[in-house]
S.K.: 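Handing you this structure, nothing more for now.
Every number for a ligand or one of its atoms is a count from 1 in the order of the listing. Just so it is clear, the model here is predicted, and its values are computed rather than measured.
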Amino acid sequence: MKHLTLALILAAAPVFAQGVPGQHFVENWDLDGDGAVSVAEATERRGDVFLSFDQDDDGFLDAEEYKVFDQARANDMENEGGGHGQGNMKNAAEGMELAMNDVDGDGKVSRDEFLGQAKVWIAEMDLDEDGVITTQDFAMRRKMMGGGHGKGN
Ligand SMILES: [Ca+2]
Ligand SMILES: [Ca+2]
Ligand SMILES: [Ca+2]
């Protein structure tokens with residue numbers, strides 16, 4: 001039985017996070033414990049997430065499986081209930097969406113697509129642009145809203 005809740009994955013519960021935005025996120029995704037979530041760590045962890053939600057083990061998250069995944073993330077955002085860090089927790093949640101990960105547009109997300117988007121996901125959240133995610137990234141706002149200031153592609 002596969003049971004990995006997104007509450008654990010996104011860990012969006014600032015009430016218990018000693019008031020440091022993003023701390024639980026970093027703790028849960030920082031596999032080597034250096035206080036920063038690297039692209040490699042995000043990729044590995046996303047592999048776990050993928051396995052948890054690929055209920056039929058066919059190597060794709062399809063629309064049906066995504067419903068469950070979406071619901072899990074929605075519950076997390078609800079439980080979070082507001083407060084600081086909302087902005088980047090929203091980025092974290094949105095970076096998991098089907099549309100964000102379905103690179104070839106076939107309506108489902110392959111494991112390669114899902115893992116390959118880890119670096120895009122990290123870049124979205126990396127507000128201080130040091131290449132890794134730390135609580136620092138949750139403590140600041142993006143300087144320029146709405147893009148235009150391209151970061152390569
Ligand atoms: Ca790390
Ligand atoms: Ca599947
Ligand atoms: Ca950073």
S.K.: Looking only at heavy atoms, what is the nearest atom pair of D128 and M140, with distance?
M.R.: CB-SD, 3.5 Å
S.K.: Please give the atom name: the N, O or S atom of D34 nearest to the Ca ion (ligand 1).
M.R.: OD1
S.K.: Is the Ca ion (ligand 1) less than 3.0 Å from an N/O/S atom of A36, whether that atom is in the backbone or a side chain?
M.R.: yes
S.K.: What N/O/S atom of D30 gets nearest to the Ca ion (ligand 1)?
M.R.: OD1
S.K.: What is the OD1(D130)-the Ca ion (ligand 3)-OD1(D126) angle, to the nearest 10 degrees?
M.R.: 90°
S.K.: Can you tell me which N/O/S atom of D56 has the shortest distance to the Ca ion (ligand 2)?
M.R.: OD1
S.K.: Can you check salt bridge (charged side-chain N to carboxylate O under 4.0 Å, His left out) on K67 and D70, steps first, answer last?
M.R.: CA-CA 5 Å; K67 278 182 197 162; D70 287 343; over 6 Å; no
S.K.: Taking the side chain as every heavy atom from C-beta outward, state whether V49 and F69 have any pair of such atoms under 4.5 Å apart.
M.R.: yes
S.K.: Is the distance from the Ca ion (ligand 3) to the nearest N/O/S atom of G131 under 3.0 Å?
M.R.: no
S.K.: Taking just the N, O or S atoms of D32, which one is nearest to the Ca ion (ligand 1)?
M.R.: OD1
S.K.: Is the backbone of F114 close enough, under 3.5 Å, to the side chain of R46 for a donor and an acceptor to pair up by distance?
M.R.: yes
S.K.: Kindly report the OE1-the Ca ion (ligand 2)-O angle for E65 and F60 respectively, rounded to 10°.
M.R.: 70°
S.K.: With a 4.5 Å heavy-atom cut-off, do V132 and D126 have their side chains touching?
M.R.: no
S.K.: Does a side chain donor of either E113 or Q117 reach within less than 3.5 Å of an acceptor in the other side chain?
M.R.: no
S.K.: Of all the N, O or S atoms in D137, which has the shortest distance to the Ca ion (ligand 3)?
M.R.: OD2
S.K.: Between the Ca ion (ligand 2) and D58, which N, O or S atom of the residue is the nearest one?
M.R.: OD1
S.K.: Check whether any side-chain heavy atom of N91 lies under 4.5 Å from a side-chain heavy atom of M125, and answer yes or no.
M.R.: yes
S.K.: Which N, O or S atom name in D54 marks its closest approach to the Ca ion (ligand 2)?
M.R.: OD1
S.K.: Below 4.0 angstrom, N of the basic side chain to O of the carboxylate: do K90 and E94 qualify?
M.R.: yes
S.K.: Among the N/O/S atoms of D128, which is closest to the Ca ion (ligand 3)? Give the atom name.
M.R.: OD1
